[in-house]
Amino acid sequence: MSGEKISVWRMLLWQSGRLDSPEFDSHRRFIFWVFMLGVTIASGNFTRSAENFPGFSVNADGLFWDMKMSALAAVLADLLLWVLHRFRRTHCAVKAIILGAGALMFVTDLFTLYYWHTSFNTQMLDIVLVSNVHEGFEFLESYLTDYGFLLFMAAIAALLFMLYRLRKAVLVFIVIMIAASVPEIVISPQVFSVFYLTPDNAQYLGIGRIAMMTQEVRGEMSKYRALLDAKPQKVILTRNDSSIPHTVFILGEATARHHMSLYGYNLPTTPNLLRRKHEGGFYVFTDTVSPHSYTIIVLQKLFNFYRYGAKGEWFTYTNIFSILREAGCHTVWLTNQEVRPYYDPRTVYSGACDYAGYVEAKYNWDSGTAYDGELLPLLDDALKESAARNFYVIHLMGCHNTYSRRYPPEYAKFTASDETGGYEGITDSQKAHRAEYDNAELYNDYVVDQIIRRFEDKNAIVIYVSDHGQEVYDEVNIATHGGELPRRHIIEVPFIMWLSPKFRESYPELEARIASSVDRPYMTDDMIHTLLDIMSIETPEYDPAKSIINPKFDSSRPRIYSGMLYDKENGLHALQ
């Protein structure tokens with residue numbers, strides 16, 4: 001080989017099939033290809049080998065196994081492609097696809113690892129599929145402006161480049177890894193996972209992970225569409241004493257109770273709700289958590305009998321809207337969130353209601369820009385068509401990212417100088433970000449109060465709960481809610497009930513039960529039992545032990561989130 005220095009660019013050109021020169025001998029070709037493929041194959045393995053919670057400590061045995069499997073899989077893949085070498089274009093195309101898919105997963109995993117301490121998974125893919133373009137841009141705007149992550153990626157890129165320059169060391173490393181894999185080759189056919197896909201071994205190849213996750217999502221979508229096309233399941237009522245004229249359920253978004261002055265926060269973010277608490281008939285539940293940190297996953301459990309630990313698919317369980325239809329109750333769904341035309345609980349629930357109203361176009365890929373106050377005219381219209389008994393769901397955008405877009409300019413009350421809380425070392429820009437979140441809380445308080453105002457002269461109960469909470473530089477250097485991160489603020493949610501004067505006069509026994517239950521520990525995946533209990537409707541699936549206002553309520557139920565146990569005093573901690 002000539003002594004001419006071979007640049008990375010020229011090597012990449014050769015790998016893409018655009019340059020073919022004798023100076024690139026088989027030795028260098030093999031090192032480069034195996035190294036690059038090994039890196040991309042290992043994209044998710046190092047995260048899969050980590051004891052993700054709490055913190056991020058590496059399981060050395062698991063990591064060593066994955067490194068061996070990645071190196072071996074790279075060699076096997078190269079042998080397979082070597083067989084195709086005589087078909088030059090096919091060889092290069094297959095290499096490009098494998099490397100491209102692996103690189104995509106590598107970068108994606110770095111991103112999710114940095115923010116949420118986990119690799120990209122099927123659940124995250126579900127979230128991507130039911131998000132619109134506007135949400136995607138807001139997401140990127142919120143996270144990719146984080147200079148910490150950009151520096152992190154730059155460091156990774158520099159490390160990969162240095163490893164590439166140490167080609168001989170890389171070759172020695174690969175040989176050692178393969179040699180260490182010999183026992184596994186003998187005892188476990190799993191090492192040949194590069195040639196076939198199963199849920200346990202697809203992660204060894206980036207394109208395999210993508211294919212496996214896509215296959216799982218397509219399977220779920222197929223079952224979901226079949227259910228939508230089937231005739232509605234017959235609902236059996238064992239009791240129907242419903243008589244409440246107006247039951248209103250306000251579903252918040254990313255609204256954390258620890259940023260509400262109603263729950264003791266130091267800034268006056270909920271003046272209207274505090275005033276209503278002092279007026280009476282207003283009950284604040286103090287120990288409520290969400291089962292998940294994603295809206296879609298929460299909704300899968302919030303309005304039906306599918307709860308944590310349940311078997312099967314969420315859409316095979318009876319939902320409250322089907323029950324209320326059978327009970328003769330008029331149902332209304334009003335939302336400031338887009339519903340997707342596929343695989344989305346919001347599609348199922350809104351479609352099951354007698355009336356559905358949307359602030360923007362139902363399937364508008366750019367939706368999400370309107371303020372929640374625009375729901376109020378829709379509610380006014382729905383009230384004109386009310387029946388003897390009504391159930392309303394009003395789904396807000398609440399305090400979702402980007403916080404500054406959740407409120408009109410006149411609600412920009414708080415600034416960075418007002419923010420005295422946060423984790424140790426919080427920066428001025430992060431304080432400004434927290435202030436935007438608190439402004440979103442302030443506007444959310446206004447919207448909830450305005451909804452309540454519309455029922456003050458009616459016989460009504462208004463329930464407000466958020467889908468999940470939010471970490472806003474409170475304990476750690478993040479402002480997020482996704483990834484099932486083990487942070488108590490992400491799942492601690494506000495839960496309140498407001499009773500109109502006419503309701504209190506009509507249902508004193510029910511009010512007494514509500515008043516006596518505010519300090520009970522509760523997880524919102526049992527919400528359907530509480531709603532049915534309030535409305536005096538029962539089905540065979542109804543369980544009074546799962547209704548927080550019922551005397552038979554089981555307060556000993558373990559509340560598990562992301563594999564960890566939650567209690568109000570200690571927050572999240574390891575299961576015993």
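In this text the structure is predicted, and so the values were computed from the model without any measurement. For reference, positions follow the sequence shown, starting with 1.
- With sequence neighbours excluded, the residues forming a side chain to side chain contact (heavy atoms under 4.5 Å, CB included) with D428 are K431, listed by chain and number.
- Between F321 and Y349, a ring centre-to-centre spacing shorter than 6.0 Å is recorded.
- Under a 3.5 Å cut-off, the side chain of R454 and the backbone N or O of Q450 do form a donor-acceptor pair.
- The aromatic ring centroids of Y403 and H433 lie less than 6.0 Å from each other.
- Take F285 and apply the ring-ring contact (aromatic ring centres under 6.0 Å, His included) test, not counting sequence neighbours, and it matches F495.
- Here R346 contributes atom CZ and W333 contributes atom CH2; the two are 8.0 Å apart, rounded to the nearest 0.5 Å.
- Note on ring orientation: taking the six-membered ring where Trp is involved, the planes of Y437 and H259 are perpendicular (angle over 60°, cut-offs 30° and 60°).
- Within the 4.5 Å cutoff, the side chain of R257 has no heavy atoms near those of the L262 side chain.
- When each of Y392, Y464, F303 is tested with F249 by the rule ring pair (Phe, Tyr, Trp, His ring centres under 6.0 Å), just one qualifies, namely F303.
- The line from CZ of R513 to CG of D533 is 4.5 Å long, rounded to the nearest 0.5 Å.
- Aromatic ring centres of F503 and F455: separated by at least 6.0 Å.
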| said: Test salt bridge (charged side-chain N to carboxylate O under 4.0 Å, His left out) on R276 and E456; report intermediate values, then the result. | reply: CA-CA 11 Å; R276 290 194 177 277; E456 287 178 330; 2.8 Å; yes

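- Checking each of L532, T318, I528 against E541 for a side chain to side chain contact (heavy atoms under 4.5 Å, CB included) leaves exactly one that passes, namely T318.
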| task | Decide side chain to side chain donor-acceptor pair (under 3.5 Å) for Y507 and S243; before the verdict, give the C-alpha distance in whole Å, the side-chain angles of both, and the deciding distance to 0.1 Å. | result | CA-CA 10 Å; Y507 306 99; S243 62; 2.9 Å; yes

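- Ring centroid separation for the pair Y443 and Y407 does not come in under the 6.0 Å cut-off.
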